[in-house]
Trainee: 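One structure, pasted below without further comment.
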Amino acid sequence: MTSLRHKALLLMNIYCLGRNLTTASSSSLLPVKLPAQREVHFWYVLPDEVKSTNLLNRYLEILSPCEKESILTMREEQIKKRALLARALVRTTLARYHTNCQIDPKSLKFRKNNYGKPELDLQYADDWSLPPLHFNISHTSSLIACGVTVGSAIGIDVEEKQRRLKNDTLAFAQRFFSPCEIEMLTHIVDPELRLQEFIKLWTLKEAYVKALGKGFSASPFKTFTVRLGDHVKGNIHAPPHMISKAHDITVESSDDLQNPSSNWQFGLLELAGSHYAAVCIEQDSIDAGNGSIPIDLTLRKTIPYVEDECISATDSAVVIGGLTRLSVCD
């Protein structure tokens, strides 16, 4: 059976024969092969590393008029910069997968689903469609990330490890988390360790809701439980690195806690020594239930139009949960 990725490549090649969109603005973006089945490409940028005003102006020029207006009306400069980088990261990242026929990042069109989640709209002339790329974006004040798949719904979330809560961790968890998750956190005596486990759970839950594409209001955090394998086995008093090493990460609806869903697969990692990052992807009907096949995760740090760096399994990126393996960039 022809793989989804192979079909996408064939479709793109046929499409490119009849269309040439070569532009100066996309010529310096490194072309990247499409993600394979069960592969996630995870791109991120550190806002503090982007200092050039000329570069920021170049990013502004590839945005749509509505995106420009939205950003230019923001008052706080750091918020404005992060919003600009987030939109530029999405456009330059997705354009890389179409550089065989030189898609200008500015020409990319977007739409929103019924719940407001942004999606790529690549319906052009002659009824041809470019590859079915799915993407999701997340950002903190110090890191902005974009995840990309072909044919699989994706949700990502990034959170700072040093994030602090205004309220007590348990008090905050009781507002948003399921009873099972609250019970798990209650058994962790050390306040700092409890906070770290809270942040990990929050990151995973956020990624799942974003992968569903229905928004927080349609998928409240309390209506489902994320279970980490070691917690299920009762190892909640294990050392921190043991708690993190949960190959099994499943999600259960509050309506059916006995039957965890096999339609979603998770990856949890520590990134740049300062952030937790979660990835959630939907499995197709063939792979659903086959949790033994890991997600292949390719990490790239980027400053679009300037440099790209492949991040391997080093201190810069450590898988701490989920059946996930870091791949070497092509």
Side-chain angles (χ1 to χ4, degrees), residues 23-32 40-99 102-108 110 118 135-148 156-164 199 203 269-279 297-318 326 329-330:
T23 63
S25 63
S26 62
S27 60
S28 58
L29 290 173
L30 175 69
V32 178
V40 174
H41 287 183
F42 190 102
W43 298 78
Y44 69 94
V45 59
L46 304 179
D48 287 346
E49 294 185 354
V50 184
K51 304 179 186 297
S52 167
T53 301
N54 288 338
L55 185 60
L56 292 172
N57 287 335
R58 186 175 187 185
Y59 293 158
L60 191 64
E61 287 306 307
I62 66 173
L63 304 189
S64 70
C66 289
E67 288 172 327
K68 287 183 185 178
E69 181 180 3
S70 174
I71 287 173
L72 293 176
T73 55
M74 296 177 180
R75 295 184 178 181
E76 211 281 309
E77 288 302 317
Q78 291 304 311
I79 294 176
K80 182 185 296 186
K81 178 182 177 181
R82 291 196 296 269
L84 171 59
L85 288 175
R87 288 169 171 80
L89 178 63
V90 169
R91 286 184 173 274
T92 56
T93 296
L94 297 180
R96 295 172 188 269
Y97 297 97
H98 305 299
T99 48
Q102 295 292 297
I103 295 295
D104 182 353
K106 188 175 182 177
S107 74
L108 295 175
F110 297 89
F135 75 95
N136 195 230
I137 192 163
S138 179
H139 56 84
T140 68
S141 61
S142 54
L143 189 147
I144 301 168
C146 179
V148 181
I156 69 169
D157 189 52
V158 292
E159 300 289 344
E160 293 176 347
K161 291 176 62 178
Q162 297 304 314
R163 173 182 175 182
R164 289 293 176 259
I199 297 173
T203 308
L269 63 151
E270 187 177 308
L271 192 59
S274 56
H275 294 74
Y276 293 124
V279 172
L297 187 61
T298 300
L299 298 175
R300 290 182 176 90
K301 186 173 78 166
T302 184
I303 299 178
Y305 297 124
V306 177
E307 62 181 10
D308 303 315
E309 178 185 357
C310 185
I311 305 298
S312 58
T314 64
D315 291 341
S316 297
V318 181
L326 295 183
C329 301
D330 293 333

Trainee: Looking at CZ of R87 and CZ of F110, how far apart are the two atoms once the value is rounded to the nearest 0.5 Å?
Mentor: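 Output value for this atom pair is 10.5 Å.
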Trainee: Go through the steps for R96 and D308 under the test side chain to side chain contact (heavy atoms under 4.5 Å, CB included), then give the verdict.
Mentor: CA-CA 12 Å; R96 295 172 188 269; D308 303 315; 3.1 Å; yes
Trainee: Tell me whether T93 contacts the main-chain N or O of V90 through its side chain, where contact means a donor paired with an acceptor under 3.5 Å.
Mentor: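 No, because the side chain of T93 does not come within donor-acceptor range (under 3.5 Å) of the backbone of V90.
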Trainee: Show the nearest heavy-atom pair for residues S138 and V158, with the distance to one decimal.
Mentor: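 So the minimum-distance heavy-atom pair works out to OG-N, 3.0 Å.
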Trainee: For E77 and K80: C-alpha separation, side-chain torsions, deciding distance, then whether salt bridge (Lys or Arg N to Asp or Glu O under 4.0 Å) applies.
Mentor: CA-CA 5 Å; E77 288 302 317; K80 182 185 296 186; 3.6 Å; yes
Trainee: Which distance, rounded to the nearest 0.5 Å, do you find between the OG1 of T302 and the CG of L30?
Mentor: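 So the gap between those two atoms works out to 9.0 Å.
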Trainee: Is the number of heavy atoms from other residues, nucleotides or ligands under 6.0 Å of E69 CD greater than 12?
Mentor: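 Result for CD/E69: open.
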Trainee: For L89 versus W43, what's the shortest heavy-atom pair and its separation?
Mentor: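 For L89 versus W43, the nearest heavy atoms are CD2-O, 4.1 Å.
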Trainee: So, does N136 use its side chain to make a donor-acceptor pair with the main chain of G147 at under 3.5 Å?
Mentor: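 Not confirmed, N136 side chain does not pair with G147 backbone.
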Trainee: Check the pair H41 / Y97 against side chain to side chain donor-acceptor pair (under 3.5 Å), numbers first and verdict last.
Mentor: CA-CA 11 Å; H41 287 183; Y97 297 97; 2.8 Å; yes
Trainee: Would you say L271 and F42 make side-chain contact, with heavy atoms under 4.5 Å?
Mentor: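 L271 vs F42: side chains touch.
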Trainee: Looking only at non-hydrogen atoms, find the nearest pair between A95 and L29 and report the distance.
Mentor: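 Here A95 and L29 meet closest at CB-CD1, 4.2 Å.
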Trainee: About how many Å separate OG of S141 and CG of D48, when rounded to the nearest 0.5 Å?
Mentor: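 Taking CG in D48 and OG in S141, the distance rounds to 8.0 Å.
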Trainee: Is it true that E61 and R58 make a salt bridge, defined as a side-chain N closer than 4.0 Å to a carboxylate O?
Mentor: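 No.
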Trainee: Give the minimum heavy-atom separation between R91 and S107, together with the two atoms involved.
Mentor: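 Looks like NH1-N, 4.5 Å.
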Trainee: From L55 CG over to Y305 OH, what is the distance, rounded to the nearest 0.5 angstrom?
Mentor: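 Reported value, rounded in 0.5 Å steps: 9.0 Å.
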Trainee: Taking all atoms of both residues into account, what is the closest heavy-atom pair of F135 and C146, and its distance?
Mentor: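 Between these two residues, the closest heavy atoms are CB-SG, 4.3 Å.
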Trainee: For H275 and T203, which I'm curious about, is there any donor-acceptor pair between the side chains at under 3.5 Å?
Mentor: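 H275 vs T203: no donor-acceptor pair found between side chains.
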Trainee: A side-chain contact here means heavy atoms from C-beta on lying under 4.5 Å apart; do K68 and L60 qualify?
Mentor: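 With C-beta onward as the side chain, the pair touches.
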Trainee: Quick one: pull up CZ in R82 and CE in M74 and give me the separation to the nearest 0.5 Å.
Mentor: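 Rounded to the nearest 0.5 Å, the CZ-CE separation comes out at 10.0 Å.
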Trainee: Under a 3.5 Å distance rule, please check whether K81 uses its side chain to pair with a backbone N or O of V50 as donor and acceptor.
Mentor: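 Side chain of K81 to backbone of V50, a donor-acceptor pair under 3.5 Å: yes, one is there.
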Trainee: Atom OH in Y44, atom CD1 in I144: separation rounded to 0.5 Å?
Mentor: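 That separation rounds to 13.0 Å.
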Trainee: Going through the checks in order, is the side chain to side chain contact (heavy atoms under 4.5 Å, CB included) test met by L326 and V318?
Mentor: CA-CA 9 Å; L326 295 183; V318 181; over 6 Å; no
Trainee: Using a 4.5 Å cut-off on heavy atoms from C-beta on, say whether the side chain of V32 contacts that of R300.
Mentor: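 They are in side-chain contact.
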Trainee: So which heavy atom on E159 is nearest to which on D157, and how close?
Mentor: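 The pair with the smallest heavy-atom distance is OE2-OD2, 2.8 Å.
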